[in-house]
A.B. asks: 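I have a structure here, written as structure tokens, and I will follow up with some questions on it.
In what follows, every heavy atom counts, from backbone to side chain, and hydrogens, waters and symmetry copies are set aside. Per chain, numbering begins at 1; letters A, B, ... match sequence-line order.
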Amino acid sequence: MNEEKIVTRFAPSPTGFMHIGNLRTALYAWLLARANGGRFIVRIEDTDQVRLVEGAVEVILQTLRQTGLDYDEGPEVGGEHGPYVQSERKEIYRKYAEELVAKGQAYYCFCTPERLQQLHDEAAAADSVGGYDRHCRNLLPEEVAERLSRGESYVIRQKIPLEGVTSYTDEVFGEISMENKEMQDQILLKADGYPTYNFAHVVDDYLMGVTHVVRGSEYLTSTPKYVLLYDAFGWPRPHYVHLPLLMGQNEDGKISKLSKRHGAVSFQDLLQAGYLPQAIVNYIALLGWCPKDSNQEIFNLAELCQAFSIDGISKSPSVFDYGKLNWFNSEYIKQLSPTNFAERVMPLLKQKCPSDGLNLDKLAQLLHTRVSTINEAANMVDFVAERLPLDLANYTNKKNKTTPELCLRILQEVQPRLVACADWQNDTLFELLKAYAAESGVKAGAVMLAVRLAVARQAVTPGGATELMEVFGKAESLARIELAMAELQ
RNA sequence: GGCACGUUGGAGAAGCGGUUUAACUCACCAGCCUUUCACGCUGGCAUUCAGGGGUUCGAAUCCCCUACGUGUCACCA
């Protein structure tokens, strides 16, 4: 495989947003090129003018930028094989399609969409799946010429051999064979003059020198038709690298192709949900690929390039697991510097906890090791934003042997010391409470519990008693202790 | 329905005919640590590789069949 310089491409269709499965395909194609000192091309496949979505190209390019998948040729950067947008290469395809007709490997078809629909309906009625009946395959040249000159609407179809078998070797799935009689005379050039994907990608991959076609395994069984096209032109076939599909788990436990019903499935959705680009990339890299002789899981792009190889790609589909993504994300969040993390949560904290006097920097610090996504911080700080109702039963704790009565006593005895405290920060407060515990003979754990509950008004909190007091500041902390004592009275 | 591909624990997976009593990670459970939670640490979690037949001295690893799953059969990509 090293006899030639590897050239791969990512060829998305701008028909929506960046699906995570698409991103993963882009990643693998990029990795294959970069890991072998090859080139990576981006090509926009916008031959379906009906499904075009405004702004989709920009989303695709932006995603590539955000994930660090740089390309050598493509939109915006150009290159020697441009243009890289298929709608701008329209005439190229016609020329090649006509060449195929001349070679007897393709033919003009004048069948109307209505007739095709009828064919389809009849097949469906017979409880089967029918294809095109090759009605125009053997039209006389004179008839074709005449109908063409009359300006009749037409498409150009590939002339698939009626007999025999077509095989190719996929780099991950091995040899794939398909009986020619199973294949349809697929349309190469549509009535609107645009090529189909089936044709355009073959022509472009050849013209752009793509050596390895990397794409999802949904193309596994249509590839024989593409291979036939290469053969018809007399072009060398590229290597094929089909990737296992990405699945999602449904509520009933069944799995199916990853889609919106499984939750956030576009790169943008995931960013919106608080995931970091590199965590997403790291996670999807491992969905369907595994490094050889290593148990490493945390990889940055450079490390992925080092470790990546085709034989690490598996054949079986994998289920996208948000739980594991969360773990990756929390690892990447922990890697963030305290300041960097603080910058990211701060907008959210300021919005949720606008009141003055709160130490949001301290809050951010507490949150750093406790969240798996930035957004998760939102539901964790409600108790800071407002004084939540607290069930007094929480003051009864078996491990620390506390009761509401004990807690009340603790709060009453500790309050004057807190009022007198001049240095309102964690370490000082902690020492203060410990000193009280030692002097009073009450267990330190009990003291911490009473104070934490009084201040937080919530059983489980992101931080201990004294850390939270630092967050609340002296005034609010004392006010809450005051409130707690009243409730316990 | 035809064809194609897949099937190792709840999820990602290693494994490529013999020291594998199936590695590692997430999740889960238990314990430790600890000012709760989280972090961290320790231990548990498939006697078995979809099922059934073969081949072999020996199979998760090779072959066949069955089951199940997914993909594909568009003037979509």
A.B. asks: Across the strands shown, which category fits A/S177 at heavy-atom distances under 4.0 angstrom: base, sugar-phosphate, nothing?
C.D. replies: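 The residue A/S177 makes sugar-phosphate contact but no base contact.
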A.B. asks: Looking at B/A74, which nucleotide sits across from it as a Watson-Crick or G-U wobble partner, both distances under 3.5 angstrom, or is there none?
C.D. replies: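 Paired with no nucleotide.
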A.B. asks: Once you apply a heavy-atom cut-off of 4.0 Å, does A/K434 come out as touching a base, just sugar-phosphate, or nothing?
C.D. replies: nothing
A.B. asks: Give one of base, sugar-phosphate or nothing for A/A465, where a contact means two heavy atoms less than 4.0 Å apart.
C.D. replies: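 Base, at least one base atom sits under 4.0 Å.
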A.B. asks: Which one is paired to B/C57, where only Watson-Crick or G-U wobble pairs with both distances under 3.5 angstrom count?
C.D. replies: B/G18
A.B. asks: Taking the same atom, C1', in B/C73 and in B/C26, what whole-Å distance lies between them?
C.D. replies: 38 Å
A.B. asks: Considering Watson-Crick and G-U wobble pairs with both distances under 3.5 Å, what does B/C33 pair with?
C.D. replies: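 WC or wobble partner does not exist here.
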A.B. asks: What contact category does A/S222 fall into here, base, sugar-phosphate, or nothing, at under 4.0 angstrom with non-hydrogen atoms?
C.D. replies: nothing
A.B. asks: Salt bridge or not between A/R115 and A/D133? Use side-chain N to carboxylate O under 4.0 Å.
C.D. replies: yes
A.B. asks: Expressed as a whole number of Å, how far does the P atom of B/A30 sit from that of B/C45?
C.D. replies: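 That atom pair is separated by 15 Å.
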A.B. asks: For A/Y154, is the NZ or CZ atom of A/R147 found under 6.0 angstrom from the centre of its six-membered ring and inside 45 degrees of the ring axis?
C.D. replies: no
A.B. asks: Select base, sugar-phosphate, or nothing to describe what A/V319 touches, counting heavy atoms under 4.0 Å on all strands.
C.D. replies: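 Sugar-phosphate, no base atom in range.
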A.B. asks: Judged by modelled atom types alone, do A/Y275 and A/N326 share a side-chain donor-acceptor pair under 3.5 Å?
C.D. replies: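 The answer is yes; a qualifying pair exists.
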A.B. asks: Which part of the nucleic acid does A/M178 contact within heavy-atom distance under 4.0 Å: base, sugar-phosphate only, or nothing?
C.D. replies: sugar-phosphate
A.B. asks: Any strand counts, and the cut-off is 3.5 Å on both contacts for Watson-Crick or G-U wobble. Which nucleotide pairs with B/C24?
C.D. replies: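 WC or wobble partner is B/G12.
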A.B. asks: What orientation do A/Y283 and A/F328 show, parallel under 30°, tilted 30 to 60°, or perpendicular over 60°?
C.D. replies: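 Geometry flag for A/F328 against A/Y283: tilted rings.
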A.B. asks: Nearest heavy atom decides the nucleotide; on that basis, is A/Q49 or A/D427 closer to the 5' end of RNA chain B?
C.D. replies: A/D427
A.B. asks: Using a 4.0 Å heavy-atom cut-off across all strands, classify A/D170 as base, sugar-phosphate, or nothing.
C.D. replies: nothing
A.B. asks: Using a cut-off of 4.0 Å on non-hydrogen atoms, how would the nucleic acid contact of A/T47 be classed: base, sugar-phosphate, or nothing?
C.D. replies: sugar-phosphate
A.B. asks: What contact category does A/K292 fall into here, base, sugar-phosphate, or nothing, at under 4.0 angstrom with non-hydrogen atoms?
C.D. replies: base
A.B. asks: Is the closest side-chain donor-acceptor distance between A/E331 and A/Q335 under 3.5 Å?
C.D. replies: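 Note: A/E331 and A/Q335 side chains miss the donor-acceptor criterion.
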A.B. asks: Determine the minimum heavy-atom distance between A/F110 and A/C136, stating which atoms define it.
C.D. replies: N-SG, 3.4 Å
A.B. asks: Which part of the nucleic acid does A/L449 contact within heavy-atom distance under 4.0 Å: base, sugar-phosphate only, or nothing?
C.D. replies: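 Nothing: the residue A/L449, judged by heavy atoms under 4.0 Å, touches no strand.
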A.B. asks: Could you check whether A/D185 pairs with A/K159 (Lys NZ or Arg NE/NH1/NH2 to Asp/Glu carboxylate O, under 4.0 Å)?
C.D. replies: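 A/K159 and A/D185: not salt-bridged.
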A.B. asks: For A/G323, answer base if it contacts any base atom (sugar-phosphate contacts may also be present), sugar-phosphate if it contacts only those atoms, and nothing otherwise; contact means non-hydrogen atoms under 4.0 Å.
C.D. replies: sugar-phosphate
A.B. asks: Within the structure shown, what part of the strands sits under 4.0 Å from A/F173 by heavy-atom distance: base, sugar-phosphate, or nothing?
C.D. replies: sugar-phosphate
A.B. asks: Using Watson-Crick or G-U wobble geometry with both distances below 3.5 Å, tell me the partner of B/G69, or none.
C.D. replies: B/C5
A.B. asks: For chain A and RNA chain B, what are the first and last nucleotides along the strand, 5' to 3', with at least one atom under 4.0 angstrom from a heavy atom of the protein chain?
C.D. replies: B/G1 to B/A77
A.B. asks: With RNA chain B as reference, determine whether A/G312 or A/E218 sits nearer its 5' end, using the nearest nucleotide of each.
C.D. replies: A/G312
A.B. asks: Using purine N1 to pyrimidine N3 plus N6-O4 or O6-N4 for Watson-Crick, or N1-O2 and O6-N3 for G-U wobble, each under 3.5 Å, what pairs with B/U48?
C.D. replies: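 WC or wobble partner does not exist here.
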A.B. asks: Does a salt bridge link A/R409 with A/E413, judged by any charged N lying under 4.0 Å from a carboxylate O?
C.D. replies: yes
A.B. asks: Using 30° and 60° as the class boundaries, would you call the ring planes of A/Y322 and A/F320 parallel, tilted or perpendicular?
C.D. replies: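 Rings of A/Y322 and A/F320: perpendicular, over 60°.
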A.B. asks: What integer number of Å spans the P atoms of B/U66 and B/C5?
C.D. replies: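 These two P atoms come out 15 Å apart once rounded.
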A.B. asks: Regarding A/G288, tell me which of base, sugar-phosphate or nothing describes its non-hydrogen contacts under 4.0 Å with the strands shown.
C.D. replies: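 Sugar-phosphate contact only.
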A.B. asks: Scan A/S13 against the nucleic acid and name what it touches under 4.0 Å (heavy atoms): base, sugar-phosphate only, or nothing.
C.D. replies: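 Sugar-phosphate contact only - A/S13 comes under 4.0 Å of backbone atoms but never of a base.
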